[in-house]
Amino acid sequence: MLSDMGVSKSRQLQKLREQVKNGGGEQALEKQMALGKLSARQRIVDLLDNDSFQEYDMFIQQVNNAFQSDGDAVLGDGVITGTGTINGMPVCVYAQDFTVAGGSLGSMHAKKIAKIMDRALKMRVPLIGINDSGGARIQEGINSLAGYGGIFYRNTMASGVIPQISVVLGPCAGGAVYSPALTDFVFVVDKISKMFITGPEVIKTVLGEQISAEDLGGAKVQCEVSGNAHFFAKSEHECFESVKKLLQYIPQNNSLKAETLPSCPPKFTNIDSIVPSDAREPYDVRKVIACITDGSDFFEVKANFAANAVVGFGRVDGQSVGFVANQPDVMAGVLDVDSSDKVAEFVRFCDAFNIPIVTLVDLPGYLPGVDQEHAGVIRHGAKVLYAYSEATVAKITVILRKAYGGGYIAMNSLHLGADSVFAWPGAEIAVMGPESAVNIIFRKEIMASENPDETRRQKAREYKEKFANPYVAAGMGHIDAVIEPQETRTMIVHTLRMSKDKHIDRPYKKHGLFPV
Ligand code: HXC
C-alpha cells in the first residue's frame with residue numbers, strides 16, 4: 001500500500017507526465033490539427049506496434065534563453081524520444097513537436113535526439129526520426145548549432161551500420177533537412193512535408209525572391225525534382241504504413257540479413273511477351289520484375305525521380321533482393337546524371353545491409369549531350385561503376401535486350417565483379433547501337449556510295465547480325481549463359497542459393513573516395 005507521501009509523489013509524476021504530453025499547449029495543438037497534421041505523440045502511436053512505446057527523457061528541461069521569462073521553459077523540450085517495435089522488431093524513434101517553438105532544436109532537444117541515436121547504434125537497431133522543425137533554435141544561438149553538429153556526427157557514425165529512416169512531416173528547415181539528407185531513406189507526405197535549407201521568409205529577405213513553401217520544397221518537389229526524398233505518401237497514415245513495409249525488406253543492422261519468408265511463385269508469368277523485339281520500342285520493365293518476384297510484389301524506391309532507372313525491393317525465393325533496372329519506357333532507359341545517382345545510392349544501401357542485387361539491363365548507354373556533360377555526367381556516371389565494383393553482396397545480372405558501351409559495363413557486368421550474368425536470346429551486346437556504329441566505321445563508304453541511305457541500312461543489318469547479339473559476348477566468356485526469358489527466375493534463385501555464403505576480402509583502406 002502506498003503511503004500518503006507515496007500517493008502524492010505518484011500524483012506529482014502523473015501531473016508532470018500530463019504536462020509533458022500537453023506539448024506546446026492546446027491552442028498550438030489545435031493549429032497543428034487544423035493543418036491536417038497528427039500530433040507528435042499520435043505519429044509515434046501510428047508508427048509503432050500497439051502499446052510498444054517506451055519514452056525516455058520526458059522531463060528534460062528546456063534551457064531558458066535570453067528571450068524567455070523564468071519558468072517559461074517547456075518540459076521535454078519539443079521532442080519525444082524512445083524505443084518500441086515495428087513488425088515485432090525493436091526500433092529507436094524520435095518525433096519533433098512543432099507545437100513547441102516550431103519543433104526548433106535547442107541544446108536539450110538536441111541532447112535527447114543524440115541520446116536516442118546513441119542507443120540505436122549501441123543496440124544495433126534502426127533509427128526513425130520524425131522531423132517537424134524550423135531547424136536550429138535561433139534564441140539558443142551557437143548551442144543549437146552545436147546540437148546539430150552532434151546529430152550530423154552521429155548520423156555519419158551510424159551510416160551503413162543501422163538503417164536510418166527520416167520521416168519529414170512539416171515545414172523542415174536547416175538542420176532539420178540536413179540530418180535527413182545524411183540518412184538512408186526520406187519519407188514525405190503531400191501538402192504536409194516541406195524541406196528547404198531556409199524558408200520563404202528568409203529567401204525573401206536575403207534574395208528578394210518570392211515563392212511559396214510548397215513550391216520551394218513541397219513533397220512533390222522533393223520526390224520529382226530534387227530527388228531528396230525516396231517515398232511519397234498522400235497521408236501520414238499511408239506514410240507510416242510505407243515505413244513499416246520498408247522495414248520488412250531490410251535487416252536490423254549490417255551484421256544481419258533481412259528476414260527470409262517462405263518462397264512463393266510470382267502471380268505474373270508472361271515474361272516472354274513483355275519485351276518487344278524491336279530494340280527501339282519501349283516497355284515497362286516493372287512488368288518483367290513482376291514476373292520474377294515472389295507474389296509479383298515490388299516495393300519501388302524513388303519511383304518519381306529519374307524514372308529512366310527503376311530501383312526497389314522484392315523477394316525472390318523468400319529472400320529480400322534489391323532490384324536495379326533500366327526503364328525503356330522513359331528516355332529509353334539511359335543512364336544520366338540523376339539516374340546514375342539513384343542507382344549508385346541504392347546499390348550502396350543494398351551492399352551495406354547484405355541485400356543481394358539483381359540488375360536488369362536494357363539501355364543504349366550513358367546519355368550524351370551538352371546539358372549532361374556540363375551537369376557532370378562523367379562524375380555522376382562514375383558513381384555507378386564504383387558502387388557496383390565496391391559491392392560484395394551477391395550480384396546477378398540479366399541482359400534483357402540492349403547493353404551498349406559504357407552502359408553494358410556499368411550495369412553490373414562480370415568485369416565489375418558480378419557473380420552471374422545472363423542474357424536473353426534477343427540481347428544486343430556491343431560497343432554501340434548499329435546506326436551509330438556504321439556512321440562511324442563505314443562513313444567513307446556510305447558517303448561514296450550512290451545510295452547512302454540504302455548502304456547505311458545494309459551496313460547496319462550486317463553489323464547487327466555480326467555484333468548485336470549475345471553470342472559474341474558468350475563466345476568470349478563475358479556472360480555466363482544465354483537463357484530463355486522463362487528461365488530467368490530459376491537462374492536467379494539458383495545463383496542466390498549458391499551465393500548464400502559468398503565472401504570477398506577487399507584490400508585494406510581507410511575508406512574509398514566515391515560516391516560523393
Ligand atoms: C526558433 C522558431 C524557428 C527557429 C520556427 N520557430 N522556426 N523558433 N527557431 N528556427 C517558431 C516561430 O517563431 C513560431 O513561434 C513557431 O515556431 C511556428 O513558426 P511559424 O513561422 O509561425 O510557422 P510557419 O509559418 O509554418 O513557418 C515554419 C517555418 C518558418 C518555414 C519553419 O518558421 C521558418 O522559416 N523558420 C526559420 C527556418 C530557418 O531558416 N531555419 C534555419 C535555422 S539554421 P510562435 O511562438 O510564434 O508560435 C539551421 C542550421 C543548421 O538549422 C546547420 C545546417 C548545416
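One is the number of the first residue; the rest follow in order along the sequence. Whatever order the structure lists ligands and atoms in, that order sets their numbers, starting from 1.
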Could you tell me if [Y] and [X] have a donor-acceptor pair between their side chains, going purely by distance under 3.5 Å?
X: Asn131; Y: Ser133; answer: no
X: Ser166; Y: Thr183; answer: yes
X: Thr99; Y: Gln32; answer: no

Residue pairs involving residues 155-164 (criterion side-chain hydrogen bond (donor to acceptor under 3.5 Å, both in side chains); sequence neighbours excluded):
Asn155-Gln164, Asn155-Ser179
What residue pairs, at least two apart or across chains, pass side-chain hydrogen bond (donor to acceptor under 3.5 Å, both in side chains) with a residue in residues 219-234?
Gln222-Ser226, Gln222-Asn228, Ser226-Asn228, His230-Glu345
Note down each nitrogen or oxygen pair, ligand 1 side and protein side, whose separation is under 3.5 Å; give only atom names and the distance to 0.1 Å.
| from | atom 1 | to | atom 2 | distance (Å) |
| --- | --- | --- | --- | --- |
| ligand 1 | 9 (N) | Ile138 | N | 3.1 |
| ligand 1 | 10 (N) | Gly134 | O | 3.1 |
| ligand 1 | 10 (N) | Ala136 | O | 2.9 |
| ligand 1 | 17 (O) | Gly102 | N | 3.1 |
| ligand 1 | 41 (N) | Gly134 | O | 2.8 |
| ligand 1 | 52 (O) | Ala136 | N | 2.9 |
| ligand 1 | 52 (O) | Gly175 | N | 2.9 |

Hits for ring-ring contact (aromatic ring centres under 6.0 Å, His included) against Tyr94, two or more places apart or cross-chain, chain-then-number order -> none
